[in-house]
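Chain naming here is simple, since letters A, B, ... match the order of the sequence lines and numbering starts at 1 in each.
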Number of protein chains: 2
Amino acid sequence: MAKATSPDANAQSNEPALPIEPTLPNEPTLPEKPARPDRPTSFDIAYRAGVSQSTVSRALRDSPLVNKATRDRVQAIAKELNYKVDKVASNLRSQSTRTIALLLCEDPTSDDSMINPFFMSMLSSITRATARQGYDLLVSFQQLSEDWHADYEDTHRADGIILLGYGDYVSARPKLEKLKQAQARFMLWGPLIKDLPGHSIGCDNHLGGYVAGTHLLDSGRQQLAFLGDASQHCPEFRQRYLGYTDAITQRQLTFNPRLQYDAENTEMSGFDACLQLIDSGEPFDALMAASDLIAIGAIKAMQQRGLRVPEDVAVVGFDGIPSSAYVNPPLTTVMQDTQAAGDLLVDNLFKQFHGEPLTTTLLEPKLVVRESSGGTPDSSPQ
Amino acid sequence: MAKATSPDANAQSNEPALPIEPTLPNEPTLPEKPARPDRPTSFDIAYRAGVSQSTVSRALRDSPLVNKATRDRVQAIAKELNYKVDKVASNLRSQSTRTIALLLCEDPTSDDSMINPFFMSMLSSITRATARQGYDLLVSFQQLSEDWHADYEDTHRADGIILLGYGDYVSARPKLEKLKQAQARFMLWGPLIKDLPGHSIGCDNHLGGYVAGTHLLDSGRQQLAFLGDASQHCPEFRQRYLGYTDAITQRQLTFNPRLQYDAENTEMSGFDACLQLIDSGEPFDALMAASDLIAIGAIKAMQQRGLRVPEDVAVVGFDGIPSSAYVNPPLTTVMQDTQAAGDLLVDNLFKQFHGEPLTTTLLEPKLVVRESSGGTPDSSPQ
DNA sequence: CTGAAAGCGCTTACAG
DNA sequence: CTGAAAGCGCTTACAG
C-alpha cells in the first residue's frame with residue numbers, strides 16, 4: 001500500500017514533499033489474520049523528506065556521507081512516523097543476522113520441568129553479553145538425540161552458535177565435526193579436550209577438584225569419597241575427580257577406589273549413588289560430589305541413613321548454584337564464574353566473526369566454604 | 001559465486017543436468033572475515049535437479065502442486081548439498097518471522113547475577129511451547145526503564161511478544177498502550193487488571209492467598225502476618241494479600257494491619273521486612289510471604305532473632321520455586337503452574353496471529369505443604 | 001504439474 | 001553529498 005506511492009514521489013520530486021498520508025483507504029483486510037497497520041518503509045520516509053530512498057538508508061545509519069541537515073530531517077521524520085528499519089530486509093541485504101543462537105542441551109533423563117540451575121546462570125550472563133554487542137539471542141533447548149546439526153547457521157538464522165550442556169562429548173562429537181566442516185562459527189562450553197572440533201571455554205575442573213580435596217584434607221578428613229561419573233563420557237566430572245585424587249596423592253595418601261560411585265548430574269542420581277556408597281559399608285568421613293545437584297541428593301541420602309553432615313561426613317559440591325546456599329546444611333562448593341564464562345563465550349564468538357585469534361583461558365573456580373564441610377555459618381551468603 | 005551459474009543452468013536446460021561443482025576457484029577471500037563456504041541457494045539445487053527455482057521452492061515446502069518424482073529428486077539433491085532454505089530470505093518474502101520475542105523485565109533493584117527463579121521456570125516452558133509450534137524464541141532481558149516499546153515488532157524481528165515481569169503495571173502501562181496502538185501482538189504474564197492494554201494470562205492470586213490463609217488457620221494459627229507490598233503498584237501481591245485477609249475475615253476474625261509489612265520480591269527485602277515485623281513487638285504465630293524469595297529471607301530473619309519455624313511461626317510462601325524445597329525448613333508454598341502458564345501464553349499469542357478469540361483463564365495455584373507450616377517432612381519432594 | 005517474473009525492504013557499489 | 005540501480009534468496013501469483 002504505502003509502497004505504491006513511492007514511485008510517484010520520485011516522479012514528482014520537483015514538487016515540494018507534502019505530508020500526504022501515504023496509506024490508501026481501500027486496504028484489503030485479510031479475514032485470516034487480524035489487520036495490522038502498514039509498517040512504513042524507507043520509501044515512505046524518502047517521500048516525506050523529499051530525498052531518495054538511498055539517502056534515507058544512509059541517514060538512518062548515521063552515515064557521514066550524508067549532509068547533517070538532511071540526516072536530521074530524515075531522522076526526525078522517521079521518528080515521527082515511528083519508522084524502524086526492517087531487520088529482516090536489512091539482514092538479507094547485508095548477509096548478516098546480528099543474532100546468536102544459544103543451544104542448551106538437556107539431558108533427556110533430567111526432570112522435564114527444571115533446567116539445570118547452573119545453565120540458568122550461564123543463560124543470564126550470555127544474554128547480557130550478547131545484548132551488549134547489540135545482538136539478539138535465539139534460545140533453544142535441544143535433546144542430544146535430536147538432529148540439530150548446524151541448523152541455526154544453515155538456515156541463516158544466526159551468525160554463530162553457543163553450545164551449552166553437550167557434556168557427553170563422545171556422542172556429540174560427530175555433530176561438532178559437522179559444524180566445523182560447515183565452517184560454522186560456534187563456541188562450546190565445556191572441557192578442553194584435545195582435537196575436539198571447535199573452540200571451548202571451560203572451567204579448570206582439575207584445579208577445582210584439587211582445591212576441594214585439599215580443603216577436606218586440611219579439615220582433618222582422611223577417607224575421602226567421590227560421587228560422579230569419572231569416565232571418559234563425562235570429561236568435566238573426570239577432571240574434577242583427577243584433581244581431587246591428585247590432592248590426596250600429593251599428601252602421600254591413596255584414594256580408595258571403592259569410595260567412588262558414578263552419578264549423573266541430578267539430585268536423584270546423587271541420592272542413589274550415595275545410598276550405594278553408604279550401604280557398601282566402606283567407611284568415609286568426607287565426600288566430594290561432582291556437582292551441587294549430586295551433593296544435594298547425597299546429603300539427603302546421608303540424612304536418611306542417619307549420617308550427620310558435617311560431623312560424620314564433610315561434603316563439598318561443585319558449581320555454586322543458587323540453591324547451594326539454601327540447602328541444609330549450606331553447601332560448601334567449588335563455584336564457577338558464570339559471569340566470566342558467558343562473557344568469554346560471547347567475546348570469542350565475536351572474535352571468530354572478525355577473524356581474530358581466540359583466547360581460550362581456563363576459568364579459575366573458587367572454593368566457597370559453608371557449613372557442610374564444617375565451615376562457619378557466617379561464610380554463607382547474606 | 002554459486003549464483004552466477006544459475007542463469008546458465010536455465011539457458012541450457014535442454015542439456016541434462018550435470019553435477020558440476022557450482023563454485024568457482026577464484027573465490028575472493030575477505031581479509032576481515034574468515035572465509036565461509038558459499039551457502040548453496042535454491043538456484044544451485046534447481047540447476048542440479050534440472051528444474052526451475054520455483055519448483056525447488058515448492059518441492060522443499062512439500063507442495064502438492066509438484067510431481068512426487070520431481071519433489072523426491074529435488075529433496076534428495078538438497079539433502080546431498082546440505083541445502084537449507086534461507087530463513088531470512090523466506091521471512092522477508094513471506095512477511096513473517098516465525099519468531100517470538102520473550103521480554104523479561106528485571107527489577108533494577110534485584111541482584112544482577114541472579115534471575116528470579118520463577119521466571120526461569122516460565123522461560124523453560126515458553127521455550128518448549130514455542131519450539132512445538134516450529135517457532136524460534138528471541139530472549140531479551142530488559143529494564144523497565146529502558147525504552148524498548150514495540151521494538152521487536154517494529155523492527156520486524158518477531159511476530160509477537162511475550163512480556164514477563166512487568167509487575168508494576170503503573171509504570172509499564174504507557175508502554176503497553178503504545179504496543180497496543182501499534183497493533184502489536186503480545187501477551188502479558190500477570191494480573192488481570194481491567195482496561196489494561198493487551199491480554200494477560202495470570203495466576204488466581206486471590207485464591208492462592210485464600211488457600212494459604214485457610215491452611216494456616218486450619219493449623220490452629222491465630223495471628224497471621226503478611227509480608228509483601230500490597231499496594232496498587234503490585235497488583236499480584238495485592239491480590240494474594242486480599243485473598244489471605246478474606247480467609248481470615250471469613251472465620252469472623254480480623255486481620256491486624258500492623259502485621260503487614262511491605263517487601264519487594266527479593267530475599268533481602270523479605271529479611272528486612274521480617275526484622276521490622278519482629279521488632280515491632282506485635283505478636284504473630286503465622287506468616288504468609290507474597291513470594292518464596294520473601295519467605296526465604298523472612299525465615300532467615302526469624303532464625304536470627306531466635307524464632308523457631310514452624311514451632312513459633314508457621315510460614316507459607318508463594319510461587320513454588322525450586323529452592324523452596326531445599327530451604328531449612330522446607331517451605332510450604334502456593335505453587336504456580338508454570339507449565340500451563342507458558343503453554344497458555346504461547347497458545348494465545350498464536351490465536352492472535354490467526355485472529356481467533358483468546359482464552360484468558362486464571363490459573364489455579366496449588367498449595368504444597370512442607371515443614372515450614374508444620375507439615376510432615378514426607379510432603380517435601382524427595 | 002511447471003516456469004518466468006515480480007517483489008519482500010533494505011544496503012551498497014557506481015556514477016555523478 | 002546524493003540518486004538510480006542492482007541484488008540479497010526466497011515465495012507466490014500468473015500463465016501456461
Side-chain angles (χ1 to χ4, degrees), chain A residues 1-4 6-7 9-11 13-14 22 28 38-47 49-74 78 83-98 154-157, chain B residues 1-4 6-7 9-11 13-14 22 28 38-47 49-74 78 83-98 154-157:
Chain A
M1 290 292 101
K3 211 63 206 300
S6 311
N10 293 329
S13 60
N14 48 337
D38 266 316
R39 208 185 295 276
T41 72
S42 52
F43 282 96
D44 296 322
I45 309 300
Y47 176 51
V51 294
S52 74
Q53 183 266 340
S54 341
T55 298
V56 170
S57 176
R58 290 194 193 97
L60 294 175
R61 321 188 87 240
D62 280 323
S63 163
L65 284 175
V66 91
N67 184 334
K68 175 150 173 40
T70 315
R71 189 168 60 203
D72 290 348
R73 186 156 39 94
V74 168
Y83 169 78
K84 296 275 171 55
V85 172
D86 186 315
K87 286 271 185 184
V88 174
S90 93
N91 287 343
L92 174 61
R93 180 52 236 247
S94 57
Q95 290 294 320
S96 87
T97 66
R98 296 193 72 81
D154 282 352
T155 60
H156 209 184
R157 279 182 293 185
Chain B
M1 288 293 97
K3 207 64 205 296
S6 312
N10 294 327
S13 60
N14 49 336
D38 267 316
R39 206 187 294 277
T41 72
S42 53
F43 283 95
D44 296 322
I45 310 300
Y47 176 51
V51 296
S52 75
Q53 181 267 337
S54 341
T55 299
V56 170
S57 177
R58 290 195 193 96
L60 294 175
R61 323 186 87 239
D62 279 323
S63 163
L65 285 175
V66 93
N67 183 335
K68 176 148 172 40
T70 315
R71 189 167 60 205
D72 290 347
R73 185 155 39 92
V74 168
Y83 169 78
K84 297 274 170 57
V85 172
D86 184 316
K87 286 272 185 183
V88 174
S90 94
N91 286 344
L92 176 61
R93 180 53 236 248
S94 57
Q95 290 294 313
S96 86
T97 65
R98 294 193 73 79
D154 283 351
T155 60
H156 210 182
R157 280 181 293 184

task = Check Ser94(A) against Ser90(A) and note the closest heavy-atom contact, atom names and distance.
result = OG-O, 2.6 Å
request  = With rounding to the nearest 0.5 Å, note down the distance linking CZ in Arg58(A) to OG in Ser52(A).
outcome  = 6.5 Å
Any Thr70(B) side-chain N or O less than 4.0 Å from OP1/OP2 of dC1(C) = no
Euclidean distance, atom CG of residue Leu92(A) to atom P of dA6(D) [Å, nearest integer] = 17 Å
task = Please tell me which of the listed nucleotides, dG3(C), dG9(C), dT11(C), lies nearest to the side chain of Val85(A)?
result = dT11(C)
request  = Check whether any side-chain nitrogen or oxygen of Tyr83(A) sits under 4.0 Å from OP1 or OP2 of dG9(C), and answer yes or no.
outcome  = no
note = Between CZ of Arg98(A) and C1' of dT11(C) the distance, given in whole Å, is 14 Å
query = Near DNA chain C, which residues from residues 54-66 of chain B have a heavy atom under 4.0 Å away?
reply = Ser54(B), Thr55(B), Arg58(B), Pro64(B), Leu65(B), Val66(B)
request  = Measure the distance from NZ on Lys84(B) to P on dG9(D) and round it to the nearest whole Å.
outcome  = 17 Å
task = Could you say whether Arg71(B) or Val88(A) is positioned toward the 5' end of DNA chain C, judged by the nucleotide with the nearest heavy atom to each?
result = Arg71(B)
query = What interatomic distance, in whole Å, is found between P of dA13(C) and the corresponding atom of dG9(C)?
reply = 23 Å
Separation between CZ of Arg73(A) and CD1 of Ile45(A), rounded to the nearest 0.5 Å = 12.5 Å
task = Respond yes when some side-chain nitrogen or oxygen of Ser90(A) is under 4.0 Å from OP1 or OP2 of dC10(C), and no when none is.
result = no
Atom-pair distance (CG on Asp44(A); P on dG9(C)), nearest Å = 9 Å
key: Value in whole Å for how far the C1' atom of dG9(C) lies from CD of Gln95(A)   = 14 Å
message = In whole Å, measure the gap between the C1' atoms of dG16(C) and dT12(C) for me.
response = 16 Å
task = Search all heavy atoms of Thr41(A) against all heavy atoms of Tyr83(A) and return the closest pair with its distance.
result = C-CE1, 3.5 Å
remark   = Re dA15(D): Watson-Crick or G-U wobble partner, both distances kept under 3.5 Å, found to be dT2(C)
ask   = Over how many whole Å does the gap from Asp86(B) atom CG to dC8(C) atom P extend?
value = 18 Å
message = Any heavy-atom pair between the side chains of Val88(B) and Leu92(B) that's under 4.5 Å?
response = no
query = Do the side chains of Arg157(A) and Thr97(A) get nearer than 4.5 Å, heavy atoms only?
reply = no
query = Tell me: CZ of Arg73(A) to P of dC1(D), nearest whole Å?
reply = 14 Å
task = Rounded off to whole Å, could you give me the CZ-to-P distance for the Arg93(B) and dC10(D) pair?
result = 13 Å
Whole-angstrom distance between dC10(C) and dC14(C), as gauged at atom P = 23 Å
query = For Ser42(B) and dC10(D), is the shortest distance between a side-chain N/O and OP1 or OP2 below 4.0 Å?
reply = yes
